[in-house]
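A note on names: the letters A, B, ... follow the listed sequences, proteins ahead of strands, and every chain is numbered from 1.
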Protein chains: 2
Amino acid sequence: MALPVGSGSSTKELILAVALRRFGDHGFAGTSLNDIADEVGIRRPSLLHHFPSKEALYRAVLFDSFADWTGLVEQAIEGPRQGWPQVERMLRAAFTFFEDHPEFVRLVRWEALEGGPILRDELSVLLKPLFDRGADFLEREMDAGRLRRYDARQLLLTGYGAVLSYLSDGQLMTGLLDTDPLSPEALAIRREHVIDVLRTAVALDH
Amino acid sequence: MALPVGSGSSTKELILAVALRRFGDHGFAGTSLNDIADEVGIRRPSLLHHFPSKEALYRAVLFDSFADWTGLVEQAIEGPRQGWPQVERMLRAAFTFFEDHPEFVRLVRWEALEGGPILRDELSVLLKPLFDRGADFLEREMDAGRLRRYDARQLLLTGYGAVLSYLSDGQLMTGLLDTDPLSPEALAIRREHVIDVLRTAVALDH
DNA sequence: ATGTGTCTACCGACCGGTCGGTAGTACGAT
DNA sequence: ATCGTACTACCGACCGGTCGGTAGACACAT
């Protein structure tokens with residue numbers, strides 16, 4: 001075949017890509033299968049041939065996205081462990097991922113708001129080890145006197161919450177800030193600001 | 001005329017109270033007029049007698065909530081202006097309001113996610129003066145050498161984003177933390193943590 | 001006091017439209 | 001011939017909103 005097998009252009013993968021964006025933009029309830037099917041270029045029953053139901057499609061989108069996310073964080077966790085530089089490396093990797101995948105951030109926000117049982121009961125199980133590992137690392141660094149002492153879990157939530165908010169509330173910020181809050185430049189400024197604040201807050205020698 | 005005007009239990013006010021909670025729980029699209037009407041104890045047409053449309057009801061809910069919010073912030077802004085204590089006073093007032101009105105926080109989150117034109121085009125106009133005033137105050141304090149220098153607007157977004165996230169993503173956090181993240185105790189811990197981090201980050205003498 | 005008109009608050013019934021999902025069919029490639 | 005993929009046609013449920021109508025409170029002229 002002339003078509004590259006791993007091209008990612010199969011109908012199923014196209015559906016997943018379109019669904020990710022639509023679910024991210026309008027949430028589960030706000031996205032209709034017709035919307036997705038139309039954009040893919042097929043009819044709704046054809047879409048339901050690839051995924052048995054709307055919820056099955058949604059779950060596939062959610063789990064795929066989380067696999068990408070946890071994979072990247074796992075990778076960033078590797079390497080020599082060392083005080084603030086290690087923290088900053090993890091933060092920067094996570095933030096960059098968020099910036100590259102804003103539809104993922106919005107998807108998580110929708111899920112959190114709807115109180116979706118999928119994320120709460122299943123995905124949080126996948127997320128918890130990462131969360132605990134991050135908290136354990138921070139606690140060890142604090143014990144070793146390399147970081148100012150805080151509640152490690154609270155500190156993790158603070159950092160991620162700050163950037164997640166910015167990315168999911170971007171359209172709202174447009175009215176408050178003068179520049180486009182979702183432009184690459186604005187996102188970089190945002191990322192560096194949060195890192196700067198956190199660095200200052202956890203530093204012991206300034 | 002014969003109706004007890006200030007009774008607070010009129011049907012219209014009851015509708016607004018129920019609608020605030022339903023819209024906060026399930027968003028605009030996820031809330032049906034039947035849901036609201038049933039809980040109020042009337043039929044949908046009767047509800048539409050008090051508000052001409054679903055959107056009109058939603059706007060009323062949104063504007064009422066924002067009036068409460070801006071009123072409280074305006075009030076907290078008053079008083080002698082003085083470095084960090086003044087900042088903390090504003091933060092504490094805002095956070096306490098959020099804790100007392102979690103449905104308001106969730107309403108704003110929904111609106112931000114849906115990219116609602118109401119909040120973006122109209123409410124942000126009401127919000128911007130407060131936002132600018134807060135940023136101006138922070139900048140003056142930084143100029144006077146009473147606070148560490150940051151981008152004032154970014155700093156404002158960071159603080160509010162941290163608490164807003166926590167309150168709107170509470171159900172998600174249940175799987176990550178061991179305790180109920182929305183209990184009064186957990187919220188107080190959260191509030192004090194954010195204030196603590198911000199205080200440390202902006203302090204110049206530690 | 002009695003009828004008359006007007007107002008508010010509410011109701012059941014119904015409308016056009018959209019939703020997710022199903023059944024049966026057509027068609028090209030293997 | 002079979003299988004995978006797509007289609008048209010259809011279903012019941014639900015949506016926001018409109019319609020005509022009813023019950024009761026009130027003001028007022030007689």
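The nearest whole Å value for the distance from the NE2 atom in B:His49 to the P atom in C:dC7 is 13 Å. To the nearest angstrom, C1' of D:dT5 lies 6 Å from NE2 of A:His50. Here the P atom of nucleotide D:dG4 and the NZ atom of A:Lys12 are 12 Å apart, to the nearest Å. One interatomic measurement links the two molecules: CG of B:Leu47 to P of C:dA9, which rounds to 13 Å at whole-angstrom precision. B:Ile42 has its CD1 atom 5 Å from the P atom of C:dC10, to the nearest Å.
The shortest distance between the side-chain N/O atoms of B:Thr11 and the OP1/OP2 oxygens of C:dA9 is not below 4.0 Å.
The stretch residues 107-143 of chain A participates, sequence neighbours left out, in these ring-ring contact (aromatic ring centres under 6.0 Å, His included) pairs: A:Trp110-B:Trp110. Note on residues 93-106 of chain B: pairs passing side-chain hydrogen bond (donor to acceptor under 3.5 Å, both in side chains), not counting sequence neighbours, are B:Glu99-B:Arg191. Applying the ring-ring contact (aromatic ring centres under 6.0 Å, His included) test to every pair with at least one member in residues 148-170 of chain A, sequence neighbours left out, gives these pairs: A:Tyr150-B:His193.
Every side-chain contact (heavy atoms from CB on, under 4.5 Å) that A:Glu74 has, sequence neighbours left out, goes to A:Leu130, A:Arg133. For B:Arg149, the side-chain contact (heavy atoms from CB on, under 4.5 Å) test picks out B:Met142, B:Asp143, with sequence neighbours left out.
Under the 4.0 Å criterion applied to side-chain N and carboxylate O atoms, A:Asp196 and A:Arg199 are assigned as salt-bridge partners.
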Give the B/S/- string for nucleotides 12-23 of chain D, one per nucleotide from 5' to 3', where a protein heavy atom under 4.0 Å of the base yields B, of only the sugar-phosphate yields S, and otherwise -.
---SBBBB----

